[in-house]
2 protein chains.
Amino acid sequence: MKKAVEPSAERPLRAADRIRASASELFYREGIRAVGVDEVVERAGVTKPSLYRSFASKDDLAAAYMRDYDLDFWEKFENPGGKSYSDPREHVLAYIRVLSTRAVREGYRGCGLSNATIEYPARDNPARQVAEAHKKLFRKRLRELASNMGARHPAVLGDALLLLIEGIYSTGQQSEDGPAQSALTVAKMLIDASVAKG
Amino acid sequence: MKKAVEPSAERPLRAADRIRASASELFYREGIRAVGVDEVVERAGVTKPSLYRSFASKDDLAAAYMRDYDLDFWEKFENPGGKSYSDPREHVLAYIRVLSTRAVREGYRGCGLSNATIEYPARDNPARQVAEAHKKLFRKRLRELASNMGARHPAVLGDALLLLIEGIYSTGQQSEDGPAQSALTVAKMLIDASVAKG
DNA sequence: GTGTATACGTACCGGTCAGTAACATTGTCA
DNA sequence: TGACAATGTTACTGACCGGTACGTATACAC
């Protein structure tokens with residue numbers, strides 16, 4: 001049998017992957033602009049040309065970071081705390097519970113996608129474009145969940161939850177002991193006020 | 001009568017002030033890290049040594065930008081749309097109305113203070129410190145207004161409003177036609193659900 | 001072994017960035 | 001007129017940053 005020419009699984013971990021991992025960690029913690037490519041490759045234990053063989057530019061690497069972040073996000077959102085939920089209300093509340101717990105811990109750095117949007121105001125930036133596409137989908141998903149909850153105005157409840165969640169991302173970086181600790185209560189208020197009673 | 005030695009009012013506008021104005025505009029629009037000192041002085045119509053005669057470093061200039069922003073913010077917050085309000089509920093709603101109108105317009109760039117916190121994750125950064133102090137005060141002020149509204153739990157309503165407002169700042173940059181358009185409705189929901197009826 | 005492809009490293013380039021030194025110019029007030 | 005304060009002019013530095021030209025090591029094919 002011919003040895004499979006799969007683009008290599010296992011193995012000590014290829015340079016490109018080490019770079020992705022290193023970039024994800026550094027870009028999230030310090031911000032994309034603040035981190036130089038030298039720092040990325042050093043932490044990855046590889047050299048610069050290896051980076052530019054797999055990524056066309058730093059912008060391209062940043063976009064890859066965004067895509068990785070996006071994947072990771074959906075895993076966390078759809079299975080908050082590692083569990084899956086059938087009830088949309090419990091689903092959203094579980095995500096917010098897990099999120100707001102993380103958000104009040106020291107060193108929390110918010111949502112990498114939202115942060116990138118702030119670091120790169122230019123619409124045509126590749127990283128920003130990934131982030132924008134993500135947020136569009138996230139909004140749609142929240143609206144869907146709001147609808148499944150039986151909200152009178154799913155669009156409004158969806159937006160309310162999105163505003164709340166983005167508020168958690170943002171204030172979580174501003175201080176520990178921040179408003180995120182009230183987030184779960186607020187989420188319940190919003191849902192209960194939006195869903196027809198009885 | 002001796003001519004007052006006020007630190008100079010009127011006059012064609014001093015270099016330091018032109019620099020502050022230029023920096024404020026550029027830092028807000030493009031982000032602090034993205035703007036070089038050369039660009040700041042060029043727009044101000046002055047030269048680099050003038051900048052460094054009035055500011056110790058770029059970080060110091062960024063901190064000055066934060067202080068200017070802070071002043072401007074409180075003016076906008078306490079007198080939304082140029083009017084003053086005695087009723088706390090109307091006051092907050094007026095701010096959110098004006099804010100969310102701005103936030104759905106193209107080119108909106110959110111809150112300069114929140115953005116700086118994201119650009120500078122390090123706690124000891126001078127600009128970030130100004131931003132953090134500001135947010136602490138803002139939270140306190142919102143709690144105060146929530147209390148004046150007669151909220152059952154002023155801390156919770158204050159935090160809810162803060163989360164909402166930060167959510168507007170953030171999502172306003174992500175797209176026009178964004179969730180900010182629902183913000184006023186959401187604010188009313190939050191307040192009504194938090195204030196004892198009857 | 002020799003060819004070939006893959007994966008990686010060494011060393012460097014040009015540009016930009018924050019910050020400065022030294023000196024010239026202007027306006028104001030006495 | 002003379003002194004002082006504020007600003008402009010020019011030119012420079014050293015660090016960093018994104019990006020690249022080019023050489024090297026390993027492994028498999030025949």
Side-chain angles (χ1 to χ4, degrees), chain A residues 1-23 26-27 30-65 116 119-120 122 124-128, chain B residues 1-23 26-27 30-65 116 119-120 122 124-128:
Chain A
M1 196 216 297
K2 204 165 72 172
K3 190 139 348 118
V5 199
E6 287 170 13
S8 105
E10 42 250 48
R11 220 102 56 112
L13 206 51
R14 297 235 303 295
D17 297 321
R18 299 178 56 85
I19 290 167
R20 279 177 108 102
S22 161
L26 289 171
F27 285 170
E30 322 249 347
I32 301 173
R33 292 197 115 110
V35 173
V37 291
D38 292 283
E39 201 180 341
V40 171
V41 298
E42 195 205 327
R43 178 173 206 91
V46 301
T47 55
K48 223 178 337 179
S50 283
L51 194 163
Y52 284 98
R53 270 171 217 124
S54 304
F55 305 94
S57 62
K58 186 190 175 183
D59 275 1
D60 190 43
L61 175 61
Y65 157 54
E119 285 202 85
Y120 294 102
D124 59 356
N125 179 279
R128 190 195 162 110
Chain B
M1 195 217 294
K2 202 164 71 167
K3 182 109 39 87
V5 199
E6 287 170 12
S8 106
E10 42 249 48
R11 219 108 50 117
L13 208 49
R14 296 233 304 294
D17 298 321
R18 299 178 56 86
I19 291 168
R20 281 177 105 102
S22 162
L26 289 170
F27 285 170
E30 322 248 349
I32 301 171
R33 291 196 116 110
V35 173
V37 291
D38 292 283
E39 201 180 342
V40 171
V41 299
E42 196 205 325
R43 178 172 207 91
V46 302
T47 56
K48 214 168 0 167
S50 282
L51 193 163
Y52 285 98
R53 276 175 206 123
S54 303
F55 305 93
S57 63
K58 187 190 174 182
D59 275 1
D60 190 43
L61 176 61
Y65 157 53
E119 284 202 85
Y120 294 102
D124 58 355
N125 179 279
R128 191 195 162 109

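Every chain is numbered from 1 and lettered A, B, ... according to where its sequence line falls, protein lines coming before strand lines.
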_Go through it in stages, so that I can follow the logic: the residues are B:D59 and B:N125, the test is side-chain contact (heavy atoms from CB on, under 4.5 Å), and I'd like the CA-CA distance, side-chain angles, deciding distance and then a yes or no._
CA-CA 8 Å; B:D59 275 1; B:N125 179 279; 4.0 Å; yes
*Test A:V41 against A:T47 for side-chain contact (heavy atoms from CB on, under 4.5 Å), laying out the working first.*
CA-CA 6 Å; A:V41 298; A:T47 55; 5.8 Å; no
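The CD1-P distance, from A:I32 to D:dC17, rounds to 15 Å in whole Å. Atom-to-atom, CG of B:L26 to P of C:dC17 comes out at 13 Å; the value is rounded to the nearest Å. Computed from coordinates, the B:I19 CD1 to C:dA18 C1' distance equals 14 Å when rounded to whole Å. In this entry the distance linking CD of A:E39 with C1' of D:dG19 reads 18 Å, nearest Å. If you take CD of A:E42 and P of D:dG18, they are 14 Å apart, rounded to a whole angstrom. Separating the CG atom of A:D38 from the C1' atom of C:dG15 is a distance of 15 Å, rounded to the nearest angstrom. Rounded to whole angstrom, the span from the CZ atom of A:R14 across to the C1' atom of D:dT26 amounts to 15 Å.
Within a heavy-atom distance below 4.0 Å of DNA chain C, no residue of residues 54-65 of chain A is found.
Take the nearest nucleotide of DNA chain D for A:R33 and for A:P49: the residue whose nucleotide is more 5' is A:R33.
Listed candidates were D:dT20, D:dG8, C:dA18. Nearest to the side chain of B:R53 is D:dG8. Side-chain atoms of B:T47 lie closest to D:dT9 of the nucleotides C:dA7, D:dA6, D:dT9. Looking at the side chain of A:K48, the nearest of the listed nucleotides D:dT20, C:dA18, C:dA7 is D:dT20.
B:E119 places no side-chain N or O within donor-acceptor distance of the main-chain N or O of B:G31, the cut-off being under 3.5 Å.
The two residues B:I19 and B:L51 have their closest heavy-atom pair at CD1-CA, 3.5 Å.
Counting any heavy atom pair closer than 4.0 Å across all strands shown, B:V35 reaches sugar-phosphate atoms only and no base atom. Residue A:S50 is classed as a sugar-phosphate contact, given heavy-atom separations below 4.0 Å to backbone atoms only.
Note that CD1 of A:I32 is 11.5 Å distant from CZ of B:R33, once rounded to the nearest 0.5 Å. Annotation: the span from A:S50 atom OG to A:R18 atom CZ amounts to 10.5 Å, rounded to 0.5 Å. Here the CD atom belonging to B:E39 is positioned 8.0 Å from the OG atom belonging to B:S22, to the nearest 0.5 angstrom.
In terms of phosphate contacts, A:Y52 brings no side-chain nitrogen or oxygen within less than 4.0 Å of OP1 or OP2 of D:dT20.
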